[in-house]
Amino acid sequence: MSLKLIDAIQKVHKHDTEFMSLVGLTPSATSEEIVKRFTKGMEPEIVVTSANVPHICQYIMPGRFASNPLVFEGKFCLDFYGKTAYEAKQLFEQSFKLLHDRRILDEDFRTYLCVLAYDADFVTGIKGVKGYKAIYDVDYLRMN
């Protein structure tokens, strides 16, 4: 289920022209181009440097089943990397417009409202690379 959620989140971003322009791509970008800017997991597939940002890591955080065992109360995190704190924050702000207080939909995956739970900048330890983190709460139906 978590991979379906991450896939749906990425599709939301991919279909937004403004967000894709912020990462230097178009909505019609190839898979090879997309993996250079998006990582499905905590650790980037590439060595992040100031030469290859902006970059986004998308991953699931621990959640729990609701009192109704068919509903999963989940969390996911987006880490935005940019050359400047402003660039990382711009990525977050556009992503926030796409996700907060909205449903995330895909062909065979649907959520209830997605709500921002936490956002803040973070230290990357990489010269010339700044980070911004967003954590969202999202409930969805468990599918077997």
Side-chain angles (χ1 to χ4, degrees), residues 1-66 70-143:
M1 288 304 302
S2 60
L3 186 56
K4 286 185 178 188
L5 174 59
I6 293 298
D7 287 343
I9 292 165
Q10 186 166 323
K11 284 182 184 178
V12 167
H13 288 99
K14 184 182 176 198
H15 292 300
D16 184 67
T17 306
E18 189 173 341
F19 186 85
M20 291 300 279
S21 71
L22 288 172
V23 296
L25 298 173
T26 65
S28 61
T30 65
S31 295
E32 293 79 28
E33 294 169 321
I34 294 213
V35 296
K36 291 178 184 176
R37 298 289 184 212
F38 291 89
T39 295
K40 293 179 182 178
M42 288 182 186
E43 190 174 347
E45 302 282 336
I46 58 170
V47 176
V48 175
T49 67
S50 61
N52 60 14
V53 292
H55 192 83
I56 298 99
C57 289
Q58 314 154 102
Y59 53 95
I60 301 300
M61 300 189 74
R64 66 180 183 181
F65 288 101
L70 295 178
V71 177
F72 191 77
E73 297 173 343
K75 291 187 181 302
F76 67 88
C77 185
L78 301 174
D79 291 341
F80 302 97
Y81 296 91
K83 290 182 178 151
T84 64
Y86 178 73
E87 181 181 44
K89 179 89 188 239
Q90 266 189 310
L91 291 166
F92 159 73
E93 287 176 353
Q94 185 59 30
S95 179
F96 175 81
K97 290 176 188 175
L98 299 172
L99 298 173
H100 179 70
D101 217 15
R102 296 182 185 248
R103 297 176 193 272
I104 301 171
L105 307 172
D106 202 0
E107 293 98 35
D108 61 345
F109 185 82
R110 311 265 186 285
T111 72
Y112 296 100
L113 290 182
C114 178
V115 179
L116 180 69
Y118 172 83
D119 69 291
D121 59 340
F122 65 91
V123 177
T124 65
I126 305 166
K127 185 178 180 179
V129 178
K130 304 294 183 185
Y132 203 88
K133 178 182 293 288
I135 300 174
Y136 288 88
D137 289 329
V138 63
D139 296 349
Y140 51 92
L141 291 176
R142 186 179 99 191
M143 295 175 225

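Quantities reported herein were computed from a predicted structural model and do not represent experimental measurements.
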Straight-line distance of [X] [atom1] to [Y] [atom2], nearest 0.5 Å:
X: Leu116; Y: Ile135; atom1: CG; atom2: CD1; answer: 9.0 Å
X: Tyr140; Y: Cys114; atom1: OH; atom2: SG; answer: 11.5 Å
X: Phe19; Y: Leu25; atom1: CZ; atom2: CG; answer: 9.5 Å
X: Tyr132; Y: Glu87; atom1: OH; atom2: CD; answer: 15.0 Å
X: Lys133; Y: Asp79; atom1: NZ; atom2: CG; answer: 3.5 Å

Check: Would you find a donor on one side and an acceptor on the other, under 3.5 Å apart, between the side chain of Arg103 and the backbone of Arg110?
Finding: no
Note to self: When you measure from the side chain of Arg37 to the backbone of Asn52, do you find a donor-acceptor pair of N or O atoms at a distance under 3.5 Å?
What the structure shows: yes
Item checked: All salt bridge (charged side-chain N to carboxylate O under 4.0 Å, His left out) counterparts of Lys36, not counting sequence neighbours -> none
Notebook entry, point to check: In chain order, what residues pass the salt bridge (charged side-chain N to carboxylate O under 4.0 Å, His left out) check against Asp137, with sequence neighbours excluded?
Noted result: Lys75
Applying ring pair (Phe, Tyr, Trp, His ring centres under 6.0 Å), name anything that partners [X], two or more places apart in sequence or on another chain.
X: Phe122; answer: Tyr81
X: Tyr136; answer: Phe76
X: His15; answer: none

Check: Which pairs count as ring pair (Phe, Tyr, Trp, His ring centres under 6.0 Å) when at least one residue sits in residues 44-66, sequence neighbours excluded?
Finding: Phe65-Phe72
Who are the side chain to side chain contact (heavy atoms under 4.5 Å, CB included) partners of [X], not counting sequence neighbours?
X: Leu22; answer: Gln90, Leu91, Gln94
X: Glu93; answer: Lys89
X: Thr30; answer: Glu32, Glu33
X: Ser50; answer: Val129

Next item on the list: Return the minimal non-hydrogen interatomic distance between Lys83 and Lys130, and the atom names on each side.
Entry: O-CG, 4.2 Å
Checklist line | Closest contact, heavy atoms only, Met42 versus Cys57 | finding: O-SG, 3.8 Å
Next item on the list: For Thr26, enumerate each residue passing the side-chain hydrogen bond (donor to acceptor under 3.5 Å, both in side chains) test, keeping only those at least two apart in sequence or located in another chain.
Entry: Ser28
Next item on the list: Taking the side chain as every heavy atom from C-beta outward, state whether Thr124 and Val48 have any atom pair closer than 4.5 Å.
Entry: no
Margin query: I want to check something: taking the side chain as every heavy atom from C-beta on, are Leu141 and Val71 in contact at a cut-off of under 4.5 Å?
Written below: yes
Can you give each donor-acceptor pair under 3.5 Å made by side-chain atoms of residues 6-14, sequence neighbours left out, with the distance rounded to 0.1 Å?
unit_1, atom_1, unit_2, atom_2, d
Asp7, OD1, Lys40, NZ, 2.4
Gln10, OE1, Gln58, NE2, 3.1
Lys11, NZ, Asp106, OD1, 3.3
Lys11, NZ, Asp106, OD2, 3.4
Lys11, NZ, Glu107, OE1, 3.4
His13, ND1, Ile9, O, 2.9
His13, NE2, Ser95, OG, 2.6

